[in-house]
Amino acid sequence: MAVPCIAEKKLCVVIYEKQGQTAAFDLEQRPSVSFCGNDVRLVCCNTDVLYPLENYLKMTIQEADTETLAEKTMADTSFSVSENEITAHGCDSMSLYTVDGKLITTAQADENGTATLATCQLGKGVYLVKTGNNAFKITKK
């Protein structure tokens with residue numbers, strides 16, 4: 001089972017986007033990063049995330065946790081992706097769609113601005129995750 005970088009500091013791959021959005025992936029889960037067409041591709045466990053290259057700012061390997069990342073980006077959204085869930089900090093809600101635009105589920109953020117969607121029940125395929133003006137693709141394998 002994948003463990004996102006939360007609650008305690010762990011060595012993570014952290015992706016920063018121009019809008020201030022961040023995502024952290026625990027290095028213990030052996031994430032792999034590549035450039036694929038016009039996207040930065042990060043594969044971690046059974047999750048495959050594509051970040052549009054036009055929005056990509058930088059990637060670092062650092063000791064981090066998503067709570068700290070959320071504080072650094074203030075109102076901007078930070079993401080944590082694990083094998084069984086996606087967590088977004090700094091949002092009002094998070095929605096999961098099929099690639100043809102059909103809404104699967106929505107999670108409302110709690111009082112701290114954190115929304116979590118379970119992905120363990122998803123079948124294999126490509127999905128879109130959206131929070132406010134931010135969106136990214138994930139692939140369930």
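Note that the numbering runs from 1 along the sequence shown for the chain. As the structure is a prediction and not an experimental result, all values here were calculated from the model.
For the pair T116 and D110, the minimum side-chain heavy-atom distance is 4.5 Å or more. In this structure, E85 and L117 have side chains that are not in contact, with every pair of non-hydrogen atoms separated by 4.5 Å or more. The shortest distance between side-chain heavy atoms of M59 and V33 falls below 4.5 Å. For the pair L128/K137, a side-chain contact is recorded, criterion being any heavy-atom separation below 4.5 Å from C-beta on. For the pair I61/V14, no side-chain contact is recorded, criterion being any heavy-atom separation below 4.5 Å from C-beta on.
To the nearest 0.5 Å, the span separating SG on C12 from CD on E28 amounts to 9.0 Å. For the atom pair SG (C120) and NZ (K140), the distance works out to 6.5 Å, reported to the nearest 0.5 Å. Taken from CG in L122 to CD1 in I86, the straight-line distance is 7.5 Å, to the nearest 0.5 Å. Atom CG of D92 is separated from atom OG1 of T106 by 12.5 Å, given to the nearest 0.5 angstrom. Atom OG1 of T60 sits about 4.5 Å away from atom OH of Y16, to the nearest 0.5 Å. We find the CG-CG distance between L103 and L96 to be 8.0 Å, quoted to the nearest 0.5 Å.
The minimum heavy-atom distance linking A115 with A107 is given by the pair CB-O, 3.8 Å. Shown here for C91 and A109, the closest heavy-atom pair between the two residues is O-CB, 3.1 Å.
Side-chain heavy atoms closer than 4.5 Å link hydrophobic residues (I, L, V, M, F, W, Y) into clusters, and following such links, even through other members, never connects V126 to M94. Hydrophobic clustering of Ile, Leu, Val, Met, Phe, Trp and Tyr side chains at less than 4.5 Å, counting indirect connections, keeps V129 apart from Y97. Hydrophobic clustering keeps I138 apart from V99 (ILVMFWY residues linked when any side-chain heavy atoms are closer than 4.5 Å, directly or through intermediates).
For residues 30-42, the salt bridge (Lys or Arg N to Asp or Glu O under 4.0 Å) pairs, not counting sequence neighbours, are R41-D48. The side chain to side chain donor-acceptor pair (under 3.5 Å) analysis of residues 119-129, with sequence neighbours excluded, yields no pairs.
Inspection of the N112 and T114 side chains reveals no N or O donor paired with an N or O acceptor under 3.5 Å.
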